[in-house]
Amino acid sequence: MKHAIFVTERPKIKFLAIFLGAIFLTLAAFTVSAQQTNNAQFRVKNENTFNINLIQFKRVEYVGSCAGTVIAPDSQSARFVSSKTPPAPNRRVMIKNVTDGMESNPYPYTDRSYNKGEFSEDFGFKLGNSHKTRTFSVLEGENNFLYEIKENDQVIEQGSLTAQVSIQNLGTFPRQQICENKVECRDTSDCRDRKGRKRSCRRECFPVQQCRCP
């Protein structure tokens with residue numbers, strides 16, 4: 001009797017395994033499909049090439065009389081495009097950086113024309129954690145963006161995308177001030193009379209040293 005129960009249970013177990021496997025494959029296929037159907041992207045200019053959703057900076061640390069950190073380039077030029085909704089007359093795109101760690105009142109955003117050519121009007125990515133009027137702030141690591149494409153103030157597409165921000169450390173180097181001697185001349189007294197008219201006066205010249213960081 002026990003043997004008969006064991007035989008009837010095996011098909012149920014096999015069916016359950018097949019059912020769970022089908023669910024797993026369906027979820028996996030959905031995930032791959034979601035990754036492959038991402039409509040929007042950033043085209044970021046990197047020297048003589050373009051990176052897709054990759055923003056690269058370089059960092060140099062200086063020590064000495066001109067210590068400090070230098071990020072190069074200061075900003076990275078980029079453009080936005082959606083394969084689903086290409087540029088057309090009367091269109092604009094609003095992009096907002098909603099990455100954790102950003103100041104949220106308001107989130108950094110850029111509002112660009114999207115009315116001709118293949119891409120949006122260009123803008124500059126720059127490292128920062130708050131909204132700037134001239135550049136679009138990003139943080140090191142993965143950044144999350146929301147976007148809306150409008151035509152005549154009506155939203156025709158909205159979605160999200162991510163971009164990776166990397167900073168390459170080039171090392172630490174000494175940096176000293178550059179100084180030069182100059183001659184500076186000044187008037188020794190007021191060169192105007194009581195009525196405000198110019199008059200001759202004596203000038204005194206003396207050497208000064210001016211220093212700056214390169």
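- With sequence neighbours excluded, the residues satisfying side chain to side chain contact (heavy atoms under 4.5 Å, CB included) with C66 are R175, Q177, C213, P214.
- For the atom pair CZ of R112 and CZ of F136, the computed distance is 9.5 Å after rounding to the nearest 0.5 Å.
- Residues passing the ring-ring contact (aromatic ring centres under 6.0 Å, His included) test with Y109, sequence neighbours excluded: H131.
- The salt bridge (Lys or Arg N to Asp or Glu O under 4.0 Å) test applied to R203 returns D187, not counting sequence neighbours.
- For the residue pair N53 / Q164, no side-chain donor-acceptor distance below 3.5 Å is found, with atom types taken as modelled.
- A donor-acceptor pair is defined here as one N or O able to donate and one able to accept, closer than 3.5 Å; no such pair exists between the side chain of T85 and the backbone of S82.
- Between F125 and F123, a ring centre-to-centre spacing shorter than 6.0 Å is recorded.
- Contact record, Q176 with S65: OE1-OG, 2.9 Å, taken as the closest heavy-atom pair.
- Hydrophobic clustering (side-chain heavy atoms under 4.5 Å, transitive across Ile, Leu, Val, Met, Phe, Trp, Tyr) keeps V63 apart from V60.
- If you take CD on E204 and CZ on R186, they are separated by 9.5 Å, rounding to the nearest 0.5 Å.
- Scanning both residues, A163 and F42, for their nearest heavy atoms gives CB-CD1, 4.0 Å.
- Not counting sequence neighbours, the partners of Q209 by the side chain to side chain contact (heavy atoms under 4.5 Å, CB included) test are C179, N181, C211.
- No continuous path of ILVMFWY side-chain contacts below 4.5 Å connects I55 to Y107, so the two sit in separate hydrophobic clusters.
- Applying the side chain to side chain donor-acceptor pair (under 3.5 Å) test to N129 and every residue at least two apart in sequence or in another chain returns nothing.
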Review item, side-chain donor-acceptor pairs of residues 90-102, under 3.5 Å, at least two apart:
residue: R91; atom: NE; partner: E151; partner atom: OE1; Å: 2.6
residue: R91; atom: NH1; partner: P86; partner atom: O; Å: 2.5
residue: R91; atom: NH2; partner: E151; partner atom: OE1; Å: 3.0
residue: R92; atom: NE; partner: D111; partner atom: OD1; Å: 3.1
residue: R92; atom: NH2; partner: D111; partner atom: O; Å: 3.2
residue: N97; atom: OD1; partner: T99; partner atom: N; Å: 3.1
residue: N97; atom: OD1; partner: T99; partner atom: OG1; Å: 2.6
residue: N97; atom: ND2; partner: S137; partner atom: O; Å: 3.0
residue: N97; atom: ND2; partner: N143; partner atom: OD1; Å: 3.2
residue: T99; atom: OG1; partner: N144; partner atom: N; Å: 2.8

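- Legend: residues meeting salt bridge (Lys or Arg N to Asp or Glu O under 4.0 Å) with D122, ordered by chain and number and at least two apart, are absent.
- Counting only heavy atoms from C-beta outward, the side chains of V44 and I52 never approach each other to under 4.5 Å.
- More than 12 heavy atoms of other residues, nucleotides or ligands sit less than 6.0 Å from atom CD of E184.
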Residue pair L127, V165: steps toward the side-chain contact (heavy atoms from CB on, under 4.5 Å) verdict: CA-CA 9 Å; L127 293 174; V165 178; 4.0 Å; yes

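- For E118, there are no salt bridge (Lys or Arg N to Asp or Glu O under 4.0 Å) partners two or more places apart in sequence or in a different chain.
- The ring-ring contact (aromatic ring centres under 6.0 Å, His included) search around F119 returns none, not counting sequence neighbours.
- Going from atom CG of N51 over to atom NZ of K45 covers 12.5 Å, rounded to the nearest 0.5 Å.
- The closest side-chain heavy-atom distance from R59 to T69 is below 4.5 Å.
- Sorted by first and then second residue, the ring pair (Phe, Tyr, Trp, His ring centres under 6.0 Å) pairs involving residues 49-77 (not counting sequence neighbours) form an empty list.
- The same ILVMFWY cluster, assembled from side-chain heavy atoms under 4.5 Å apart, contains both F145 and I156.
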Worked verdict on E103 versus S130 for side chain to side chain donor-acceptor pair (under 3.5 Å): CA-CA 5 Å; E103 292 187 7; S130 61; 4.5 Å; no

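- The distance from the CG atom of L54 to the OG atom of S166 is 5.0 Å, given to the nearest 0.5 Å.
- For the atom pair OG1 (T135) and CG (D74), the distance works out to 8.0 Å, reported to the nearest 0.5 Å.
- Applying the ring-ring contact (aromatic ring centres under 6.0 Å, His included) test to Y114 and every residue at least two apart in sequence or in another chain returns F80.
- Q158 pairs by the side chain to side chain contact (heavy atoms under 4.5 Å, CB included) definition with E148, V155, not counting sequence neighbours.
- Between Q76 and Q56 there is a side-chain heavy-atom pair separated by less than 4.5 Å.
- Note on I71 and V138: same hydrophobic cluster, where clusters join Ile, Leu, Val, Met, Phe, Trp and Tyr whose side-chain heavy atoms are under 4.5 Å apart, directly or indirectly.
- Counting only N and O atoms by type, the side chains of T172 and E61 include no donor and acceptor under 3.5 Å apart.
- A distance of 6.0 Å separates CG of N39 from NZ of K84, quoted to the nearest 0.5 Å.
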